[in-house]
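Okay, so here's the structure we're looking at.
Here, residue 1 is the first one in the sequence, and each next residue gets the next number. Just so you know, these numbers use all the heavy atoms, side chains as well, and skip hydrogens, waters and symmetry mates. Note that the coordinates shown come from a computational prediction; the quantities given were computed from them, not determined experimentally.
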Amino acid sequence: MSKLLPIHPFPARMAPEIAYEAIKNLPAGSTVLDPMLGSGTTAKIASLNGHRCIGFDIDPLSILISKAWSSCVPQQQVIKSMYKTLESTVNLKKDIHLPWIDDDLETKRFIDYWFAPQQRDDLRKLSYLITNHSDPGIQIILKVALSKLIITKDKGASLARDVSHGKPHKVRSENDYNVIDNFEKVVTHITKKANVNAAIAPQIGLCDARRLADVDNDLVDLIITSPPYLHAVEYMRGHKLSLVWLGYSLKDLRKIKESTIGTPIRPTEDADILKTRLLHEVGELHQLPLIKQKHVLKYAVDLYATVKEFHRVLKQGGKATVVIFSPAGSPASGVPLGGVV
């Protein structure tokens with residue numbers, strides 16, 4: 001097994017070894033599903049091994065990264081477009097309009113807080129040119145490259161650090177990071193890692209794992225996925241620093257966050273039944289503060305809905321590999337610390 005190198009930081013990535021182990025004995029041409037795709041590890045490995053993969057997530061950045069990682073756009077074509085984009089930034093007028101920022105005071109203030117003036121100006125130019133790019137395949141790669149300038153552990157285009165771990169905090173008031181020079185380096189880096197002779201391009205899109213409307217009954221041979229780690233990792237907290245440059249206002253991103261698995265409890269027909277069973281099976285649950293009891297219950301309700309979808313879409317005799325997080329370790333390491341069921 002060759003080392004699989006990611007193209008973009010992502011908190012608590014699934015270890016590739018898990019996907020390789022699950023897939024290695026799968027009959028050629030099987031259908032693999034990852035309904036909580038994350039950084040796209042399952043999709044990448046399934047496609048490299050000649051399987052059809054269907055991957056979903058509700059995080060727009062997850063979808064962009066996964067699509068870019070399995071891109072079939074020739075490297076030379078992307079590089080040529082990248083240089084054309086950089087040349088266009090030189091003569092681009094300063095009064096360009098980014099409606100999701102310029103027409104939304106909350107998002108504009110957010111950007112002013114997290115980005116210094118020079119980086120703001122350069123990111124605005126790149127954002128305008130990329131979001132108006134005519135080629136969807138190239139646009140995806142350029143968007144991921146712009147995001148990678150921001151989603152960093154230490155110094156990047158923002159005034160924060162630990163953005164890649166989903167824990168951004170402002171650590172500087174000035175920044176000498178060169179957005180334009182680093183954009184060229186990042187695009188080159190991504191295109192080298194992206195298209196590695198994938199046998200079958202994965203089918204990737206936005207969808208909720210609890211409602212897989214686009215997946216037929218009895219279609220899937222194998223599910224490989226890793227549910228979000230409840231409140232241990234706040235994916236959107238870091239991702240929104242780049243998504244605000246890719247067409248999303250803070251209001252848009254708040255709606256997405258509120259719809260994720262494990263968010264505050266809303267009444268469902270399964271909630272009362274699951275609450276009774278949880279209280280019976282998990283004896284210590286009642287010892288938790290009420291707010292944490294609600295979080296656990298909502299997480300259980302959401303996972304119950306997800307597993308029901310697993311049952312519907314799996315073929316008779318199909319299997320599911322689900323990475324379960326254990327609080328005994330740190331999910332930020334990217335190593336699954338619980339188990340596989």
Side-chain angles (χ1 to χ4, degrees), residues 1-59 61-73 75 137 140-141 144 148 164 189-207 209 212 214-215 219-229 233 235 306 309-310 313-315 317-325 331 333-341:
M1 180 187 72
S2 60
K3 189 174 182 181
L4 191 68
L5 299 174
I7 63 168
H8 188 288
F10 200 92
R13 290 192 307 270
M14 178 190 289
E17 294 80 5
I18 292 176
Y20 275 118
E21 183 66 24
I23 282 173
K24 67 179 183 181
N25 294 320
L26 205 59
S30 295
T31 298
V32 179
L33 168 68
D34 187 344
M36 292 169 276
L37 194 55
S39 62
T41 301
T42 297
K44 185 67 174 179
I45 293 174
S47 63
L48 286 173
N49 284 272
H51 302 297
R52 177 196 179 200
C53 184
I54 306 169
F56 296 120
D57 211 295
I58 62 172
D59 182 343
L61 186 56
S62 170
I63 298 303
L64 287 171
I65 295 169
S66 300
K67 285 185 174 182
W69 202 4
S70 297
S71 170
C72 295
V73 181
Q75 182 181 2
I140 287 170
I141 296 174
V144 172
K148 194 172 180 179
S164 61
H189 174 80
I190 289 174
T191 55
K192 285 181 179 179
K193 290 183 178 180
N195 185 16
V196 188
N197 299 319
I200 302 176
Q203 174 189 333
I204 295 170
L206 287 165
C207 187
L212 299 172
D214 294 332
V215 184
L219 176 70
V220 176
D221 296 285
L222 173 66
I223 294 172
I224 309 174
T225 198
S226 178
Y229 295 147
V233 179
Y235 302 88
T306 301
E309 284 292 85
F310 288 3
V313 303
L314 274 173
K315 293 178 180 178
K319 297 180 179 180
T321 296
V322 182
V323 181
I324 304 298
F325 168 68
S333 67
V335 178
L337 300 167
V340 180
V341 297

Task: Point-to-point distance, once rounded to the nearest 0.5 Å, from NZ of K319 to CG of L26 - done: 9.0 Å
Task: Residues Y20, N49; criterion side chain to side chain contact (heavy atoms under 4.5 Å, CB included); working and verdict - done: CA-CA 9 Å; Y20 275 118; N49 284 272; 4.1 Å; yes
Open item on the list: Going by side-chain contact (heavy atoms from CB on, under 4.5 Å), I140 matches just one of L64, V73, I65. Which one?
Closed with: L64
- [ ] With sequence neighbours excluded, tell me which residues meet side chain to side chain contact (heavy atoms under 4.5 Å, CB included) with E21.
- [x] K24
Open item on the list: Taking the side chain as everything from C-beta on, heavy atoms only, tell me whether I18 gets closer than 4.5 Å to T41.
Closed with: no
- [ ] With sequence neighbours excluded, tell me which residues meet side chain to side chain contact (heavy atoms under 4.5 Å, CB included) with L206.
- [x] I63
- [ ] Taking all heavy atoms of P202 and all of A43, pick out the closest pair and write down the distance.
- [x] CB-CB, 4.0 Å
TODO: Using atom types as modelled and distance alone, determine if a side-chain donor or acceptor of H51 lies under 3.5 Å from a backbone N or O of A46.
DONE: no
Task: K315: partners by salt bridge (Lys or Arg N to Asp or Glu O under 4.0 Å), with sequence neighbours left out - done: D221
- [ ] Please name all residues satisfying side chain to side chain contact (heavy atoms under 4.5 Å, CB included) with S164, sequence neighbours left out, ordered by chain then number.
- [x] P9, I151, K153
- [ ] Sequence neighbours left out, what passes side-chain hydrogen bond (donor to acceptor under 3.5 Å, both in side chains) with T42? Give chain and number order.
- [x] D34
TODO: Write down the atom of P16, the atom of I45, and the distance for their closest heavy-atom approach.
DONE: O-CD1, 3.5 Å
Open item on the list: Just to verify, which of I141, I190, T191 counts as forming a side-chain contact (heavy atoms from CB on, under 4.5 Å) with I7?
Closed with: I190
- [ ] Find out whether L219 and R52 are in side-chain contact, i.e. whether some heavy atom of one side chain is under 4.5 Å from a heavy atom of the other.
- [x] yes
- [ ] Please confirm whether the backbone N or O of G38 pairs with a side-chain atom of S62, one donor and one acceptor, at under 3.5 Å?
- [x] yes
- [ ] Answer whether the closest heavy-atom distance between the side chains of P6 and R13 falls below 4.5 Å.
- [x] yes
Task: Audit row: L33, L212, side chain to side chain contact (heavy atoms under 4.5 Å, CB included) steps and yes/no - done: CA-CA 11 Å; L33 168 68; L212 299 172; 4.0 Å; yes
Task: Set of residues satisfying side-chain hydrogen bond (donor to acceptor under 3.5 Å, both in side chains) with respect to K67, sequence neighbours excluded - done: none
- [ ] Indicate the atoms forming the closest heavy-atom contact of W69 with K44, along with that distance.
- [x] O-NZ, 2.7 Å
Open item on the list: When you measure from the side chain of D59 to the backbone of L61, do you find a donor-acceptor pair of N or O atoms at a distance under 3.5 Å?
Closed with: yes
